[in-house]
Amino acid sequence: SANQMWGGRFAAGPDAIMEAINASIGFDRRMAAQDIAGSRAHAAMLAATGIVSDSDAEAMREGLLTVLSEIEGGSFAFSTALEDIHMNVEARLKEIIGEPAGRLHTGRSRNDQVATDFRLWVRDQADAAIDGLQALMTALVAQAEQGADWVMPGFTHLQTAQPVTWGHHMMAYVEMFGRDLSRFRDARARMNESPLGAAALAGTSFPIDREMTARALGFDRPMANSLDAVSDRDFALEFLGAATICAIHLSRMAEELVIWSSAQFRFVVLSDRFSTGSSIMPQKKNPDAAELIRAKIGRIFGANVALTMVMKGLPLAYSKDMQEDKEQVFDAADNLMLALAAMTGMVSDMAANREALEAAAGSGFSTATDLADWLVRTLDMPFREAHHVTGSLVALAERKGCDLPDLTLADMQGVHAAITDDVFGVLGVHNSVASRTSYGGTAPERVREQILRWKDVLK
Ligand code: ARG
């Protein structure tokens with residue numbers, strides 16, 4: 001039988017395969033609350049502008065609340081024949097309130113309706129990401145505060161480079177997640193315009209009030225061009241772009257936790273609550289949560305690529321291709337929120353191993369740069385020469401199988417006669433980090449400044 005929404009033109013109903021490829025109700029039901037909020041705002045506006053009667057609008061608005069409670073209560077019967085959430089809701093409204101339901105779609109199209117619903121949905125997810133990031137950053141700041149002056153090795157190429165502080169390393173991630181947070185804020189601000197009232201693509205001849213519906217839905221203003229309003233999904237792509245970069249940061253941090261929790265590093269102990277065991281190896285405690293967070297970038301970036309490909313080359317205005325936007329964003333958002341929550345839990349629970357960090361900080365000739373800087377400062381040596389002299393001292397220590405502070409003054413003077421006893425003062429890891437007082441540097445006093453600044457932002 002022909003469709004109840006557009007049956008006028010059709011003699012036959014769709015093929016089963018057509019129905020299967022066309023229907024989006026299997027996933028867009030997740031936008032039910034947004035769809036109903038949009039319809040309730042639209043109904044109120046239709047009455048305020050005299051397009052429908054107050055009593056019809058009242059019936060629509062009440063009936064829509066009933067539909068919402070049926071959906072939320074799980075008693076709503078979704079129908080694939082009705083394609084999507086928009087027609088499922090409207091058809092049920094008709095059953096509940098009768099004839100006035102048929103007036104709800106005046107001056108509106110599913111094209112502006114879906115654009116509105118999806119913007120509202122993505123806006124909520126941007127807010128959730130912002131909340132999730134704030135929680136994670138708060139947990140990282142607490143870790144930084146506890147170990148603001150704990151020393152650990154800093155790496156480049158994953159080779160020992162120079163000693164840094166635990167607090168400094170934690171605060172590096174706070175900076176990264178802080179930029180993620182501001183990216184979600186930027187995206188949210190840009191997406192917060194209302195497509196509602198763009199209708200199919202050209203606007204409408206009814207005297208609608210787009211300012212009114214925009215305000216009712218918490219948008220800053222109506223979108224200025226009706227063709228653009230139904231055509232673009234750049235707001236979703238921006239969300240996915242911000243999510244992708246955030247997932248990169250999560251993945252890098254997860255990788256460090258996997259390395260740090262290994263028996264070879266022992267920098268951190270992850271809590272039982274965020275670890276799993278092995279079914280065969282009784283000693284195992286695996287960092288599965290970190291590994292899964294590390295992997296989430298795969299589907300999040302995948303969604304970003306998928307939606308980019310869907311949108312490229314589409315002519316204006318709406319094309320059904322755009323129905324493929326939602327599942328990608330739903331999946332990316334779900335997994336980003338899960339990854340943020342899991343990382344927050346792991347960071348809150350983890351115990352840094354101060355002794356292991358400090359022992360590792362001093363190995364690998366990590367204060368060689370301090371030694372070279374001392375030669376420059378004390379002996380007025382050009383840095384290139386100091387680099388060479390220090391390199392010879394490192395080679396000597398390597399041959400003797402000891403660290404730089406274990407060389408004797410005689411060893412040192414054998415390489416360069418002018419070296420004095422004072423040099424030993426700069427070879428310790430605590431001296432090393434304390435000396436790096438340049439702005440943004442690893443000295444504990446500098447790290448505490450960073451901590452204070454972020455605590456103020458996050459409070
Ligand atoms: N389910 C559709 C979507 O998600 C709603 C818009 C349908 N519009 C249309 N002209 N067929 O994109």
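The model shown is predicted, which means the values in this text are computed figures rather than measured ones. Counting starts at 1 for both ligands and their atoms, in listed order. The basis for the numbers below is simple: all heavy atoms, side chains too, and nothing from hydrogens, waters or symmetry mates.
- Between F265 and F267, the two ring planes are perpendicular [angle over 60°; tilted spans 30° to 60°].
- Nearest protein heavy-atom neighbour of atom 5 (C) of ligand 1: D84 OD2, 3.5 Å.
- Looking only at protein heavy atoms, the nearest one to atom 11 (N) of ligand 1 is R110 NH2, 3.5 Å.
- Distances from ligand 1 to the non-hydrogen atoms of Q113 include no value under 4.0 Å.
- Both the sub-6.0 Å distance and the 45° axial angle are satisfied by R30 relative to the ring of F330.
- With hydrogens left out, the protein atom closest to atom 2 (C) of ligand 1 is Q323 OE1, 3.2 Å, a heavy atom.
- Interface atoms of ligand 1 facing H86, defined by a heavy-atom separation under 4.0 Å, are 5 (C).
- The environment of NZ in K320 is crowded: more than 12 heavy-atom neighbours from other residues, nucleotides or ligands sit within 6.0 Å.
- Within 6.0 Å of the CZ atom in F301, the count of heavy atoms belonging to other residues, nucleotides or ligands does not exceed 12.
- Looking only at protein heavy atoms, the nearest one to atom 4 (O) of ligand 1 is K326 NZ, 2.7 Å.
- The pair R448-D149 meets the salt-bridge criterion, since a charged nitrogen lies less than 4.0 angstrom from a carboxylate oxygen.
- Remark: ligand 1 atoms within the under-4.0 Å shell around heavy atoms of S24 are 1 (N).
- Among protein heavy atoms, the minimum distance from atom 7 (C) of ligand 1 is reached at Y318 OH, 3.6 Å.
- D28 and K326 are not joined by a salt bridge, as no carboxylate oxygen comes within less than 4.0 angstrom of a charged side-chain nitrogen.
- Among protein heavy atoms, the minimum distance from atom 10 (N) of ligand 1 is reached at N111 OD1, 3.0 Å.
- For the pair R123 and F118, the NZ or CZ position fails the cation-pi test of under 6.0 Å to the six-membered ring centre and within 45 degrees of the ring normal.
- Within the 4.0 Å heavy-atom shell around ligand 1 one does not find E83.
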